[in-house]
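Beneath this line is the structure, given in structure tokens, with notes to follow.
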Amino acid sequence: MSTATKTSHIGRKISRIRELRGMKQEALAAELGVSQQSVSSLEQSEHVEDEKLEKVAKVLGVSKEAIKNFSEDNILNIISNSFHDNSALNAILNNPTFNPIDKVVELYERLLEAEKEKVAYLEKLLNKK
């Protein structure tokens with residue numbers, strides 16, 4: 001019976017972070033100055049050179065340590081720890097402690113900012129040609 005520890009697959013972590021950021025392989029490739037196939041190959045690699053990892057991290061807006069330490073389990077723990085004894089869920093359903101309209105406005109502003117960033121990125125790509 002083997003007790004080998006599970007290896008850390010950096011490429012899968014890069015892929016998952018890219019997906020969570022709403023970025024396609026083509027966009028990451030353009031930012032890195034490589035082909036989409038290179039990004040695909042990178043995401044299939046178990047290990048990535050530190051220099052390349054640093055560049056990818058910068059484009060994804062995270063640190064290389066965040067990529068190395070990324071874990072779906074950690075994200076699920078953060079989400080589940082946000083709700084204690086269902087009290088937060090009950091507050092949402094029965095008596096919210098915040099103004100829901102403020103939350104909708106906050107979400108709208110974040111979405112609007114994301115769209116502005118996408119437009120600026122696309123304009124930058126068009127200006128390069």
Side-chain angles (χ1 to χ4, degrees):
M1 185 172 191
S2 174
T3 58
T5 58
K6 186 178 174 184
T7 59
S8 178
H9 196 289
I10 298 296
R12 281 193 211 120
K13 292 178 179 187
I14 291 170
S15 174
R16 189 64 182 124
I17 293 169
R18 176 185 56 75
E19 290 168 354
L20 289 170
R21 305 283 291 170
M23 183 181 276
K24 295 199 177 281
Q25 281 186 343
E26 294 84 1
L28 180 57
E31 286 291 320
L32 293 172
V34 298
S35 68
Q36 181 270 329
Q37 290 82 5
S38 295
V39 170
S40 178
S41 176
L42 174 78
E43 291 181 353
Q44 293 173 15
S45 301
E46 190 169 335
H47 302 285
V48 176
E49 300 169 7
D50 273 352
E51 186 177 320
K52 188 178 285 187
L53 186 60
E54 187 72 42
K55 290 177 183 177
V56 171
K58 184 176 180 185
V59 172
L60 292 175
V62 298
S63 68
K64 70 179 183 179
E65 288 76 23
I67 294 174
K68 289 179 179 179
N69 298 325
F70 178 80
S71 164
E72 294 279 342
D73 292 338
N74 289 344
I75 291 174
L76 293 175
N77 285 337
I78 290 169
I79 292 169
S80 67
N81 288 337
S82 299
F83 296 96
H84 304 287
D85 301 326
N86 290 333
S87 59
L89 183 58
N90 287 335
I92 291 170
L93 294 176
N94 299 324
N95 189 13
T97 57
F98 59 87
N99 185 348
I101 294 174
D102 290 343
K103 293 295 181 183
V104 170
V105 169
E106 180 183 329
L107 176 61
Y108 174 77
E109 289 173 346
R110 288 192 343 225
L111 289 171
L112 186 61
E113 185 62 34
E115 289 301 314
K116 286 179 183 178
E117 289 174 5
K118 287 179 188 176
V119 168
Y121 173 72
L122 290 172
E123 286 175 347
K124 181 177 147 186
L125 285 178
L126 285 172
N127 288 336
K128 284 184 180 178
K129 292 185 177 186

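In this structure, the side chains of Val48 and Val56 stay at 4.5 Å or more apart for every pair of heavy atoms. Between Glu46 and Ile10 the shortest side-chain heavy-atom distance does not fall below 4.5 Å. By the 4.5 Å heavy-atom criterion applied to side chains, Leu53 and Ile14 are counted as neighbours.
Judged as a salt bridge (Lys or Arg N to Asp or Glu O under 4.0 Å), and not counting sequence neighbours, Lys58 has no contacts. With sequence neighbours left out, Ser41 forms a side-chain hydrogen bond (donor to acceptor under 3.5 Å, both in side chains) with no residue at all. Looking at residues two or more places apart in sequence or on another chain, you find no salt bridge (Lys or Arg N to Asp or Glu O under 4.0 Å) involving Glu65. Residues satisfying the side-chain hydrogen bond (donor to acceptor under 3.5 Å, both in side chains) test with Glu54, not counting sequence neighbours, are none. By the salt bridge (Lys or Arg N to Asp or Glu O under 4.0 Å) test, Lys52 is found to be paired with no residue, residues two or more places apart in sequence or in another chain being considered.
Looking only at distances, a side-chain donor or acceptor of Ser63 sits under 3.5 Å from a matching main-chain atom of Ala66. Side-chain N or O atoms of Tyr108 include none that pairs as donor or acceptor with a backbone N or O of Lys103 at under 3.5 Å.
The neighbour count for Ile101 CD1, taken as heavy atoms of other residues, nucleotides or ligands under 6.0 Å away, does not exceed 12.
Between Lys68 and Asp50 a salt bridge is recorded (basic side-chain N to carboxylate O distance below 4.0 Å). Under the 4.0 Å criterion applied to side-chain N and carboxylate O atoms, Glu113 and Arg110 are not assigned as salt-bridge partners.
Of the inter-residue distances, the one linking Glu31 atom CD with Glu26 atom CD reads 13.0 Å to the nearest 0.5 angstrom. Between the OG atom in Ser45 and the CZ atom in Arg12 there is a gap of 11.0 Å [rounded to 0.5 Å].
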Glu115 vs Val119, side-chain contact (heavy atoms from CB on, under 4.5 Å): CA-CA, chis, key distance, verdict: CA-CA 6 Å; Glu115 289 301 314; Val119 168; 5.5 Å; no
Acceptor/donor pairs from residues 15-23 side chains to any protein atom, 3.5 angstrom cut, sequence neighbours excluded:
from: Arg16; atom 1: NE; to: Glu72; atom 2: OE2; distance (Å): 2.4
from: Arg16; atom 1: NH1; to: Glu19; atom 2: OE1; distance (Å): 3.4
from: Arg18; atom 1: NE; to: Glu43; atom 2: OE2; distance (Å): 2.6
from: Arg18; atom 1: NH1; to: Met23; atom 2: O; distance (Å): 2.9
from: Arg18; atom 1: NH2; to: Glu43; atom 2: OE1; distance (Å): 3.2
from: Arg18; atom 1: NH2; to: Glu43; atom 2: OE2; distance (Å): 3.4
from: Arg21; atom 1: NE; to: Leu60; atom 2: O; distance (Å): 2.9
from: Arg21; atom 1: NH2; to: Leu60; atom 2: O; distance (Å): 3.4

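Of all non-hydrogen atoms in Ala30 and Tyr121, the two that sit nearest each other are CB-OH, 3.2 Å.
Checked by atom type, the side-chain pair Gln36/Gln25 shows a donor-acceptor distance below 3.5 Å.
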